[in-house]
Number of protein chains: 4
Amino acid sequence: MAPRTAPDPARRSERARSAVLAAAYELVSEVGFGRLTIEAIAARAGVGKQTIYRWWPSKGAVVFDAFLAANGRQDGDFSLPDSGDLGADLRIVLRLSADDLTDPTLDRTYRAINAEVLGDPAVQAEYRTRLLDPLLNVTRDRLRSAREAGQLAPDTDLDFAVELLYGPLYYRWLHQLGPVDHDFTDRLVDAVLRALNPPAAHGRSGA
Amino acid sequence: MAPRTAPDPARRSERARSAVLAAAYELVSEVGFGRLTIEAIAARAGVGKQTIYRWWPSKGAVVFDAFLAANGRQDGDFSLPDSGDLGADLRIVLRLSADDLTDPTLDRTYRAINAEVLGDPAVQAEYRTRLLDPLLNVTRDRLRSAREAGQLAPDTDLDFAVELLYGPLYYRWLHQLGPVDHDFTDRLVDAVLRALNPPAAHGRSGA
Amino acid sequence: MAPRTAPDPARRSERARSAVLAAAYELVSEVGFGRLTIEAIAARAGVGKQTIYRWWPSKGAVVFDAFLAANGRQDGDFSLPDSGDLGADLRIVLRLSADDLTDPTLDRTYRAINAEVLGDPAVQAEYRTRLLDPLLNVTRDRLRSAREAGQLAPDTDLDFAVELLYGPLYYRWLHQLGPVDHDFTDRLVDAVLRALNPPAAHGRSGA
Amino acid sequence: MAPRTAPDPARRSERARSAVLAAAYELVSEVGFGRLTIEAIAARAGVGKQTIYRWWPSKGAVVFDAFLAANGRQDGDFSLPDSGDLGADLRIVLRLSADDLTDPTLDRTYRAINAEVLGDPAVQAEYRTRLLDPLLNVTRDRLRSAREAGQLAPDTDLDFAVELLYGPLYYRWLHQLGPVDHDFTDRLVDAVLRALNPPAAHGRSGA
DNA sequence: CGATAAGCGAGACGGTACGTCAAGTCTTGTA
DNA sequence: TACAAGACTTGACGTACCGTCTCGCTTATCG
């Protein structure tokens with residue numbers, strides 16, 4: 001009944017798919033997302049435009065897939081260490097995030113993606129499910145395990161905690177308010193842990 | 001030295017200028033920044049395209065000016081209350097920020113501007129000087145007065161404190177992680193004050 | 001060697017081609033060549049501008065093709081009658097030319113084309129090869145056959161003769177020096193034949 | 001009552017007038033009529049655009065005036081020699097015409113003017129009265145004096161004769177059918193005289 | 001195992017918007 | 001009040017890409 005016969009994934013050309021993703025990844029870091037065109041991707045990839053339109057709904061989706069393919073988060077295989085020392089573990093993951101944001105190529109691509117996220121709810125949804133939520137989830141999991149271990153108050157709002165942690169990092173990076181370095185992320189972790197611990201929690205994690 | 005003879009601001013038509021800004025402001029909230037076109041702005045404003053190109057370097061700059069003109073931050077005339085109660089004062093300003101971000105029209109325009117900021121360093125610079133820095137400055141001033149009043153530790157890093165405050169708010173709004181309401185901002189203020197005033201507050205800050 | 005990848009004529013849309021030519025032909029006779037725009041042709045033809053730019057180098061070339069398509073000289077299939085009576089045959093062809101020049105639509109289009117010819121050497125070259133030379137050639141051929149039949153002096157300069165014939169016709173038409181009618185062309189043929197015949201050619205043509 | 005107050009010729013700036021004409025004349029020979037712009041004329045002349053629009057109705061009129069001003073035909077002061085030898089006198093004037101048409105600058109300007117003539121009846125009318133008719137008139141006068149001297153038949157159609165003379169010259173020049181040199185014009189004069197004086201010349205003209 | 005239907009590259013198509021150019025008009029001092 | 005200067009509205013330019021639509025040409029099941 002569907003007038004538009006959906007393409008058959010079984011017959012999809014792997015060669016074309018990866019050429020498109022590679023071309024998109026290169027181009028977005030060369031010219032930025034705004035100046036990136038489907039035609040340029042097709043030309044660089046040696047692919048017909050229709051092949052792109054057949055498999056991706058939008059330019060954002062292509063770049064997105066390209067980013068995921070190049071940065072290997074697509075398999076949800078990453079998690080936080082759990083050394084028992086919450087502060088140490090958070091410092092590790094925030095330092096890694098800072099390193100990513102600081103890498104020139106990733107910085108550019110990240111900005112491109114964030115700009116798209118701001119402008120297109122569909123892209124935002126995909127960004128959430130494929131990139132952001134996985135990161136927030138593993139962080140939340142680590143906080144939960146700390147809460148269960150009694151290192152955080154039983155009523156700690158984990159969602160809120162995660163936002164306290166990543167919000168300032170993201171804010172500083174996006175608006176270039178200062179260096180996104182390990183000193184900053186370490187101080188950030190300390191501050192968030194202070195905020196999360198009730199006043200009476202004298203003995204505390206840092207101790 | 002200028003290769004392209006610059007237009008003479010003295011001869012600029014105020015009628016055209018304000019018509020453009022009004023049209024841009026309306027359109028960006030109607031169709032979003034991505035679907036906004038210079039031609040549509042010119043048509044709505046009853047202005048020649050050249051008049052826009054003569055006075056603004058880019059679509060982003062027009063929208064930006066339109067936003068500033070409509071939201072009157074250009075005169076730096078706003079500041080925080082200073083009731084003596086830091087927490088109360090911060091709650092007020094964060095609530096106002098949340099209200100702005102929640103207003104449907106402002107939300108859309110804000111996203112458009114932020115997308116531009118991400119894509120164009122020049123736009124970002126203007127965003128910083130004309131919108132963001134004034135806000136951060138008045139907030140920092142309030143924190144400073146609190147520090148001088150002995151309500152915060154003398155070595156409190158005010159820049160960092162400001163980022164702790166606005167970062168999570170912005171993060172939640174941008175990625176739609178949850179409702180941007182007064183409950184959230186109130187809890188945020190509390191958390192930040194806890195982070196700034198460590199649990200053993202008296203002992204520590206007094207040390 | 002071609003820097004700009006040439007379009008593939010095999011893929012050319014016949015529908016678009018003929019719609020463009022028809023629109024151009026209509027418009028040039030409606031508004032004249034000067035007020036004719038590519039955009040108007042594209043709009044009338046229901047065609048994208050790019051389709052015109054893809055296949056024709058200039059507005060003049062489009063109008064030109066339109067004229068040829070509408071007046072069917074492109075196949076060089078026309079020739080002069082050869083009744084044996086040179087004067088009679090020339091009178092026929094000049095009368096036909098005069099009729100063309102007198103037709104209101106053709107007049108307007110002809111003027112447009114001639115104006116282009118004057119302003120653009122490339123258009124002129126095409127005008128020569130596709131419109132003018134074919135006409136001059138068949139006329140020259142008829143004169144040659146007359147020369148071979150002994151009706152003209154053996155040393156008659158055929159190129160010159162042809163110019164004597166069409167020059168005054170064209171001149172009168174272009175500058176509107178008088179009616180371009182059969183009386184005029186008949187007298188013109190007589191005059192040219194007198195000019196071509198040596199003084200001693202007593203008995204002949206006029207007799 | 002007239003809403004648009006006509007400019008007062010008495011207050012006209014001679015400096016501006018001649019600067020405009022000079023600039024127009026230079027530019028038309030540099031870039032051709034098609035690429036000539038009013039703005040360029042104004043800029044080159046150091047004149048406001050409005051000054052041009054105030055005194056000339058169209059680009060064609062400016063170029064026209066410029067041409068006349070530069071080539072001094074505006075005072076109708078020229079005429080043909082009358083040596084008593086019609087052929088010799090015609091050869092002289094046709095040679096001069098050919099020289100004009102051959103001069104690179106005049107050629108370009110002439111083509112520009114003729115293109116305008118073709119496209120605009122108003123320009124054509126002015127061309128007739130200010131350039132073409134004066135030339136045809138003096139030629140016609142010379143032919144008339146020859147007719148009165150019995151060198152041409154009493155019933156010779158002088159208008160027709162003039163067209164026979166200039167038509168082929170103009171035709172060859174415009175369509176670049178061959179060299180516009182003295183050999184050509186001399187042969188043209190001979191041919192026209194043959195056409196006007198039929199073979200049985202003596203008998204006839206003497207009758 | 002050969003037909004047949006899909007994905008593929010290529011690229012022409014009808015469109016929209018771009019950023020530029022020049023048209024002709026209007027405004028603002030200056031002499 | 002004519003002038004130089006130049007900003008204004010208008011409209012066409014020629015270009016870049018959009019997303020859709022044929023084209024032949026592999027390729028890889030299935031009848």
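Residue numbering restarts at 1 for every chain, and letters A, B, ... go by the order of the sequence lines. Quick caveat: nothing in here was measured; it's all calculated off a predicted structure.
Distance check: Leu36(D) CG to Lys59(D) NZ gives 5.5 Å after rounding to the nearest 0.5 Å. A distance of 10.5 Å separates CZ of Phe64(C) from CD of Glu116(C), quoted to the nearest 0.5 Å.
Of all the residues in residues 38-61 of chain D, Ile38(D), Glu39(D), Lys49(D), Gln50(D), Tyr53(D) reach under 4.0 Å from DNA chain E with at least one non-hydrogen atom.
Considering Arg44(A), Arg108(A), Arg35(A) as possible partners of Glu30(A), the one that fulfils the side chain to side chain contact (heavy atoms under 4.5 Å, CB included) test is Arg44(A).
Contact record, Arg15(D) with Gly46(D): NH2-O, 4.2 Å, taken as the closest heavy-atom pair. Taking every heavy atom of both residues into account, Ala115(D) and Leu118(C) meet most closely at N-CD1, 3.5 Å. Closest heavy-atom contact between Ile41(D) and Ala23(D): O-CB, 3.8 Å. Residues Ala66(D) and Leu21(D) approach most closely at CB-O, 3.4 Å, considering heavy atoms.
Atom CZ in Arg12(B) sits roughly 17 Å away from atom C1' in dT27(E) (whole-Å rounding). With rounding to whole Å, Arg35(B) atom CZ is found 15 Å from dC18(F) atom P.
Cation-pi geometry between Arg11(B) and Trp55(B) is not met: the NZ or CZ atom fails to fall both under 6.0 Å from the ring centre and inside 45° of the normal.
Along DNA chain E, the nucleotide nearest Asp8(C) and the nucleotide nearest Leu36(B) are compared for position; the residue whose nucleotide lies closer to the 5' end is Asp8(C).
If you check every strand for non-hydrogen atoms under 4.0 Å, Arg15(C) touches sugar and phosphate atoms only.
Fit an axis to the five pairs at each end of the helix from dC1(E)-dG31(F) to dA31(E)-dT1(F) and the two axes sit 10° apart, to the nearest 10 degrees.
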